[in-house]
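Order of appearance sets the numbers: ligands from 1, and atoms from 1 within every ligand.
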Amino acid sequence: MEQKLLQMAEEAKKVLEEAKSLEEINEVRIRYLGKKGELTRILRGMGALPPDRRPRVGQVANEVREVIEATIAARTAAVKERIKQARLLAEKIDLTLPGTNFSLGHFHPLTLVQRQIEDIFLGLGFEIAEGPEVELDYYNFEALNIPKDHPARDMQDTFFIGEEVVLRTHTSPVQVRTMERMAGRIPVKVIAPGKVYRRDDDATHSPMFHQVEGLAIDTRITFGDLKGVLQTFAAEMFGTSTRTRFRPSFFPFTEPSAEMDISCVMCGGRGCRVCSYSGWLEILGCGSVHPQVLEMSGYNSEEVTGFAFGMGIERITMLKYGIDDLRLFFDNDLRFLEQF
Ligand code: PHE
């Protein structure tokens with residue numbers, strides 16, 4: 001019996017030496033140590049042996065099991081190591097190769113310029129205000145002193161959502177919403193950037209575009225304050241040599257109203273194609289807040305005054321970067337966008 005057991009140990013070691021995979025090793029384990037395995041069978045049959053022989057045979061059987069288990073463990077480790085080495089070899093990593101490049105996105109030129117405008121006015125003590133793009137007729141027109149029969153309400157310009165609801169045609173309604181929110185408190189110093197909508201579509205007009213509104217209300221605010229703030233803005237946006245001029249204009253919600261020009265960014269004012277040889281570029285509308293507008297939104301026009309302005313972000317961006325077609329902003333052509 002002992003002889004048979006020792007022989008079994010030798011035999012198991014030999015098959016294990018030849019086992020090349022974890023599956024093969026497992027088969028060997030089942031064959032000797034499994035429920036119906038050869039060694040298990042012998043251990044079970046121990047009862048049939050004469051009692052004086054049992055301890056010796058039992059001892060040998062245990063030793064044989066330990067030998068087989070140890071061999072299985074050693075063999076398993078060896079096979080696993082071989083599999084790992086083979087995989088590492090197959091991977092062939094070349095650490096000198098350049099890495100996989102992935103390109104980072106970046107901000108749209110309009111976003112860049114909007115943020116720059118925001119930074120300039122934040123530096124001048126303004127806060128940023130927001131309002132809805134789908135706006136009530138009251139805020140877009142009525143409270144801005146634009147009566148029902150005003151041409152600005154014409155179907156040519158305004159997208160109507162309903163009888164009293166429009167897509168805002170300018171950011172000026174945020175003036176009204178800000179005054180309502182402030183409920184007569186001063187000072188008011190806000191800018192309001194955002195999307196606006198008009199029924200227009202060509203090389204210089206898009207049905208959706210962007211504006212930045214400005215509004216300041218306090219005691220003793222004058223047109224001089226407006227000029228100072230906008231001159232500072234122009235200098236920071238287009239360079240310190242930029243000059244400004246104000247031409248009389250008309251808006252129902254400002255009085256007096258003006259259009260601000262800057263000296264041409266292309267020719268410095270000498271005259272070129274961009275400025276139609278005038279030396280000047282129109283960049284925004286502005287004025288002193290109309291007393292009627294102040295009163296309608298809860299401010300006493302005898303006690304406070306204010307100024308307001310509104311500029312197109314597309315126009316500023318085109319001038320800043322020398323872009324001649326507005327549609328480039330919305331075509332999503334990477335050859336254009338990647339330049340910023
Ligand atoms: N809302 C005017 C426009 O869209 C611009 C403007 C704003 C003019 C504020 C004066 C004061 O053209």
Side-chain angles (χ1 to χ4, degrees), residues 114 117 121 124 126 128-133 135-147 150-154 156-159 166-179 188-200 204-218 221-231 233-234 244-262 281-294 296-297 299 301 304-316 318 326:
Q114 179 180 320
I117 296 171
F121 284 104
L124 290 169
F126 285 73
I128 296 176
E130 280 183 6
E133 290 166 31
E135 185 56 284
L136 289 173
D137 178 283
Y138 176 78
Y139 291 106
N140 197 78
F141 296 124
E142 204 70 38
L144 288 166
N145 201 26
I146 305 173
H150 194 281
R153 293 176 172 227
D154 201 296
Q156 295 292 317
D157 292 315
T158 309
F159 287 108
V166 300
L167 292 186
R168 67 179 183 190
T169 57
H170 52 180
T171 43
S172 298
V174 187
Q175 284 190 41
V176 181
R177 288 183 173 274
T178 301
M179 286 188 276
V188 175
K189 267 178 103 178
V190 295
I191 56 162
K195 292 182 169 66
V196 300
Y197 302 84
R198 286 183 203 175
R199 292 191 45 174
D200 252 338
T204 51
H205 297 89
S206 154
M208 185 280 299
F209 60 106
H210 299 78
Q211 286 188 336
V212 177
E213 193 80 8
L215 174 69
I217 303 173
D218 206 342
I221 290 239
T222 69
F223 204 92
D225 295 313
L226 170 67
K227 291 176 84 171
V229 164
L230 291 179
Q231 168 63 47
F233 163 74
T244 54
R245 77 173 182 188
F246 292 78
R247 285 178 293 105
S249 185
F250 173 80
F251 298 102
F253 37 93
T254 46
E255 181 60 35
S257 302
E259 220 99 48
M260 184 176 92
D261 298 342
I262 57 170
L281 298 163
E282 179 189 320
I283 65 158
L284 58 80
C286 59
S288 297
V289 182
H290 196 294
Q292 178 73 19
V293 171
L294 287 171
M296 276 177 87
S297 293
Y299 280 84
S301 62
V304 298
T305 49
F307 66 72
F309 58 84
M311 65 182 103
I313 299 180
E314 280 78 0
R315 173 127 177 99
I316 306 270
M318 289 169 84
L326 179 82

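The side chain to side chain contact (heavy atoms under 4.5 Å, CB included) with I262 is formed by just one residue from the set L230, I283, I316; it is I283. Of the residues listed (V188, V190, L215), the one engaging M179 in a side chain to side chain contact (heavy atoms under 4.5 Å, CB included) is L215, and it is the only one.
At a threshold of 4.0 Å, the pair R247-E282 counts as salt-bridged, since one of the basic side-chain nitrogens sits closer than that to a carboxylate oxygen.
Using the six-membered ring where Trp is involved, F307 and F126 have ring planes that are tilted, between 30° and 60° apart.
Annotation for M260 and F246: closest pair SD-CZ, 3.5 Å, computed over non-hydrogen atoms.
Between F253 and H170, a ring centre-to-centre spacing shorter than 6.0 Å is recorded.
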Show the short N or O contacts, below 3.5 Å, that ligand 1 makes with protein N or O atoms; if there are none, say 'none'.
{"residue": "ligand 1", "atom": "1 (N)", "partner": "H170", "partner atom": "ND1", "Å": "3.0"}
{"residue": "ligand 1", "atom": "1 (N)", "partner": "S172", "partner atom": "OG", "Å": "2.9"}
{"residue": "ligand 1", "atom": "4 (O)", "partner": "R198", "partner atom": "NH2", "Å": "2.9"}
{"residue": "ligand 1", "atom": "4 (O)", "partner": "Q211", "partner atom": "NE2", "Å": "3.0"}

